[in-house]
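As structure tokens, the structure follows; a few thoughts come after it.
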Protein chains: 2
Amino acid sequence: MRIGELAERTATSPRLLRYYEEQGLIRVDRSANGYRDYDEALVDQVAHIRGLLDAGLSTRIIRQILPCLNEPSEIHFADATPDIIATLEGHRDRLAERIALLTRNHDAIAEYVGSLKQCALGVERAVPA
Amino acid sequence: MRIGELAERTATSPRLLRYYEEQGLIRVDRSANGYRDYDEALVDQVAHIRGLLDAGLSTRIIRQILPCLNEPSEIHFADATPDIIATLEGHRDRLAERIALLTRNHDAIAEYVGSLKQCALGVERAVPA
DNA sequence: TTTGACCCTCACATCCGTGTGAAGGTTCGA
DNA sequence: TCGAACCTTCACACGGATGTGAGGGTCAAA
């Protein structure tokens with residue numbers, strides 16, 4: 001499909017799709033006329049990338065961890081060098097930290113919202129101003 | 001305490017502490033000479049803010065959810081308007097989505113790294129080139 | 001054949017969190 | 001009293017993700 005359709009289907013902009021390509025996040029074919037020609041699978045991939053960006057990861061990091069996340073999950077044996085493994089372990093651990101932090105904040109907000117709703121109910125019943 | 005000390009204790013920079021103040025994230029007193037005078041509690045608060053920023057939240061959002069996160073957790077009853085509650089629920093839910101997404105990715109990376117290490121071991125044993 | 005909707009590249013602009021430096025005031029110890 | 005180390009404000013700069021516009025090509029339908 002062409003860039004306009006993919007942009008619409010992923011709720012992004014053509015500009016961003018070109019940017020992700022430039023950053024090495026997606027691979028894109030070209031038609032004879034020079035237009036970008038996107039594979040159907042890119043719809044999911046772009047959604048995935050957007051999620052990761054939205055979660056605060058940089059394109060640099062996403063580029064590094066993306067190979068692990070391909071669905072067929074074919075292991076690239078050549079990648080099993082110690083420093084690549086170390087890099088991935090680092091990303092894995094920092095992801096865990098980030099998750100823990102987000103979880104703490106999520107829980108705090110949830111608790112606060114709970115109290116607030118409780119309180120709103122109480123006010124509604126007790127102080128019918 | 002003064003800005004230098006707080007910067008050091010929170011591993012930030014004076015510049016950022018001024019910025020957080022400017023963004024309405026922290027409240028800061030002034031000494032007679034015009035110097036900022038930070039309360040002890042700011043150490044934790046700034047750490048908290050840094051965590052949220054690091055987790056990908058913007059100062060605008062942080063400003064909104066910060067009141068819920070104060071340690072004494074004194075509920076601001078006046079805040080219990082339906083739209084504020086809705087906003088908070090929105091943040092809470094989007095946080096939950098992010099956590100789910102990051103968790104999936106964390107697990108995928110962990111699994112991939114596991115396979116990679118396994119594979120590295122195998123190669124080491126099987127192909128002592 | 002022309003028009004309109006799409007695509008291309010290039011490049012400058014914006015926002016946000018952050019760094020940095022200038023120009024100057026305060027405090028404190030030598 | 002001088003200098004070092006701290007503080008102030010102001011303002012410009014930068015990198016990353018994104019918007020926008022100029023100048024131009026492609027293609028299909030009228």
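Chain letters run A, B, ... following the sequence lines, proteins first and then strands; every chain starts at 1.
Between B/R60 atom CZ and C/dC15 atom P the separation is 14 Å, expressed in whole Å. Atom-to-atom, CE of B/M1 to P of D/dC6 comes out at 16 Å; the value is rounded to the nearest Å. The nearest whole Å value for the distance from the CG atom in A/D29 to the C1' atom in C/dC7 is 16 Å. Note: CG (A/L6) to C1' (C/dC7) measures 14 Å, nearest angstrom. Atom OH in B/Y38 sits roughly 11 Å away from atom C1' in D/dC7 (whole-Å rounding). When rounded to the nearest whole Å, the span between CD of B/E8 and P of D/dC7 equals 10 Å. Going from atom CG of B/L16 over to atom P of C/dC16 covers 15 Å, rounded to whole Å. The nearest whole Å value for the distance from the CZ atom in B/R15 to the P atom in D/dT8 is 13 Å.
The side chain of B/R36 places no N or O atom within less than 4.0 Å of a non-bridging phosphate oxygen (OP1 or OP2) of D/dC6. Contact annotation: A/R18 side-chain N/O to C/dC8 OP1/OP2 distance is under 4.0 Å. Phosphate proximity of C/dC8 to A/N33: absent, as no side-chain N or O sits under 4.0 Å from OP1 or OP2. At the phosphate of C/dT18, neither OP1 nor OP2 sits under 4.0 Å from any side-chain N or O atom of B/Y19. The side chain of A/S13 places an N or O atom within less than 4.0 Å of a non-bridging phosphate oxygen (OP1 or OP2) of D/dG19. Side-chain N/O atoms of A/Y20 include one lying less than 4.0 angstrom from OP1 or OP2 on D/dT18. Between A/T59 and D/dG16 there is no side-chain N or O to OP1 or OP2 distance below 4.0 Å.
Atom CD of B/Q23 is surrounded by more than 12 heavy atoms from other residues, nucleotides or ligands within 6.0 Å.
Between A/E22 and A/R18 there is no salt bridge, since no side-chain nitrogen of the basic residue lies less than 4.0 Å from a carboxylate oxygen of the acidic one. Salt-bridge formation is not detected for the pair A/E21/A/R27: no Lys NZ or Arg NE/NH1/NH2 atom is positioned less than 4.0 Å from an Asp or Glu carboxylate oxygen. Residues B/E89 and A/K117 are paired through a salt bridge, judged by an N-O separation under 4.0 Å between the basic side chain and the carboxylate.
Across all strands, B/R2 comes closer than 4.0 Å only to sugar-phosphate atoms, never to a base (heavy-atom distances). Among the protein residues, A/R30 comes within range of the sugar-phosphate backbone only, with heavy atoms under 4.0 Å from sugar or phosphate atoms but none that close to a base.
Checked by distance alone, A/Y35 brings a side-chain donor or acceptor within 3.5 Å of a matching partner on the base of D/dG25.
Contact annotation: the side chain of B/R92 approaches that of A/V113 to within less than 4.5 Å [non-hydrogen atoms, C-beta and beyond].
In terms of position along DNA chain C, the nucleotide closest to A/G4 lies nearer the 5' end than the nucleotide closest to the other residue of the pair A/G4 and B/L53.
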